Amino acid sequence: MTVKCRLGVDEMDSWDHLLSFIRVVSEEGGCSKFIIHARKAFLKGLNPKENRTIPPLKYDWVFNIKKLFPRLNIVINGGFSEIEKVQEVLAEDHPLTSANGLEGCMSGRLAMNTPWEVARIDREVFGDLEANTMTREE
């Protein structure tokens, strides 16, 4: 089972609330994989498009969750619209992520908005030098 969540919703967006949520869902619910969108959601006042850009990203919250719950599989999400950003957050020498050991980075908008870029992921993120990278025109 995988849980995909935000840092919080409306007024339920404190650090303590997030910790409690992760703890309960992992310990009592048995979930070991979380895809955490690094911003809160506003159900009142913002539409879905605005919820992808207006609430500020808090990557440090996701990195700290991984530090506090090292046995959990944590994937970061939110704002990764370019392969270079994905590479940066997953880099072994990244000052925050290398110590935290994130298991992945979700980049849904990259795939939706620039699907031709997804072809580069095998080669540039996973190091598959034989992967055929097509251009946008191809």
Side-chain angles (χ1 to χ4, degrees):
M1 171 177 39
T2 300
V3 169
K4 183 173 185 282
C5 63
R6 294 250 182 161
L7 299 180
V9 178
D10 293 328
E11 296 82 30
M12 294 177 17
D13 67 339
S14 72
W15 173 249
D16 289 338
H17 183 267
L18 179 63
L19 284 178
S20 176
F21 173 78
I22 299 292
R23 186 173 293 112
V24 168
V25 173
S26 65
E27 294 174 6
E28 295 179 28
C31 180
S32 61
K33 182 174 184 178
F34 290 81
I35 300 171
I36 303 176
H37 191 125
R39 64 173 100 229
K40 70 180 276 184
F42 286 96
L43 298 180
K44 305 169 194 164
L46 294 181
N47 64 41
K49 183 177 180 182
E50 292 169 326
N51 263 301
R52 291 190 299 268
T53 57
I54 292 176
L57 288 162
K58 296 181 179 179
Y59 295 136
D60 58 317
W61 282 32
V62 181
F63 300 145
N64 287 328
I65 287 291
K66 182 60 183 180
K67 280 183 185 175
L68 293 171
F69 298 92
R71 65 176 180 75
L72 297 179
N73 184 323
I74 303 293
V75 175
I76 195 166
N77 182 29
F80 298 99
S81 57
E82 300 167 358
I83 289 177
E84 291 75 19
K85 284 185 167 186
V86 173
Q87 289 173 306
E88 180 183 326
V89 78
L90 295 178
E92 289 183 18
D93 61 348
H94 190 282
L96 293 172
T97 59
S98 63
N100 293 327
L102 293 176
E103 280 72 23
C105 176
M106 183 175 179
S107 55
R109 296 292 153 199
L110 183 145
M112 187 181 92
N113 295 329
T114 56
W116 57 90
E117 289 288 294
V118 175
R120 291 177 41 210
I121 290 176
D122 282 339
R123 187 173 66 209
E124 297 184 28
V125 175
F126 295 107
D128 182 353
L129 301 178
E130 295 180 21
N132 182 19
T133 303
M134 297 171 29
T135 65
R136 181 177 183 180
E137 291 77 25
E138 291 171 326

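Predicted, not measured: the structure shown is a model, and the values here were computed from it.
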Exercise for the section: Starting at CD1 of I22, measure out to NZ of K66 and round the result to the nearest 0.5 Å. Expected result: 11.5 Å
Practice task
Provide the closest heavy-atom pair for V89 versus C105 in the form atom of the first, atom of the second, distance.
Solution key: CG1-SG, 3.9 Å
Exercise for the section: For F80, check ring-ring contact (aromatic ring centres under 6.0 Å, His included) against everything at least two apart and list the hits. Expected result: Y59
Exercise for the section: Report the C-alpha separation of L18 and D13 in whole Å, then their side-chain angles, then the decisive distance to 0.1 Å, and conclude whether the side chain to side chain contact (heavy atoms under 4.5 Å, CB included) test is met. Expected result: CA-CA 7 Å; L18 179 63; D13 67 339; over 6 Å; no
Handout entry: Distance-minimising heavy-atom pair for E117 and L110
Key = CB-CD2, 4.2 Å
Problem - Close side-chain approach of S26 and R71, heavy atoms under 4.5 Å - result: yes
Exercise for the section: Please confirm whether the backbone N or O of S32 pairs with a side-chain atom of N73, one donor and one acceptor, at under 3.5 Å? Expected result: no
Handout entry: Check: D16 main-chain N/O paired with S20 side-chain donor or acceptor under 3.5 Å
Key = no
Exercise for the section: Measure the shortest side-chain to side-chain distance between E103 and I74 over non-hydrogen atoms and say whether it is less than 4.5 angstrom. Expected result: yes
Handout entry: K40 charged N/C atom sitting above F42 aromatic ring, 6.0 Å / 45°
Key = yes
Exercise for the section: Indicate, with yes or no, if F63 and L68 share a hydrophobic cluster defined by side-chain heavy-atom contacts under 4.5 Å among Ile, Leu, Val, Met, Phe, Trp and Tyr. Expected result: yes
Handout entry: Transitive ILVMFWY side-chain link I36 to L57, under 4.5 Å
Key = yes
Practice task
Group every Ile, Leu, Val, Met, Phe, Trp and Tyr by side-chain heavy-atom contacts under 4.5 Å, then state whether L7 and L72 land in the same group.
Solution key: yes
Problem - Side chain to side chain, R6 and N51, heavy atoms closer than 4.5 Å - result: yes
Exercise for the section: Indicate, with yes or no, if V86 and V75 share a hydrophobic cluster defined by side-chain heavy-atom contacts under 4.5 Å among Ile, Leu, Val, Met, Phe, Trp and Tyr. Expected result: no
Exercise for the section: Return yes if some donor-acceptor pair links the side-chain N/O of R39 with the main-chain N/O of P55 below 3.5 Å, else return no. Expected result: yes
Practice task
Answer yes if V9 and L46 sit in the same cluster of Ile, Leu, Val, Met, Phe, Trp and Tyr residues linked by side chain heavy atoms under 4.5 Å apart, and no otherwise.
Solution key: no
Completion exercise
One should read off an interatomic distance between E88 CD and K85 NZ, to the nearest 0.5 angstrom, of 8.5 Å
Problem - Within-4.5 Å side-chain heavy-atom neighbours: I76 and W61 - result: no
Practice task
List in chain and number order the residues that pass side-chain hydrogen bond (donor to acceptor under 3.5 Å, both in side chains) with K58, two or more places apart in sequence or in another chain; answer none if no residue qualifies.
Solution key: none
Problem - Any H17 side-chain heavy atom under 4.5 Å of E11 side chain - result: no
Completion exercise
V3 meets the side-chain contact (heavy atoms from CB on, under 4.5 Å) criterion, sequence neighbours left out, with C5, F21, V25, C31, F34
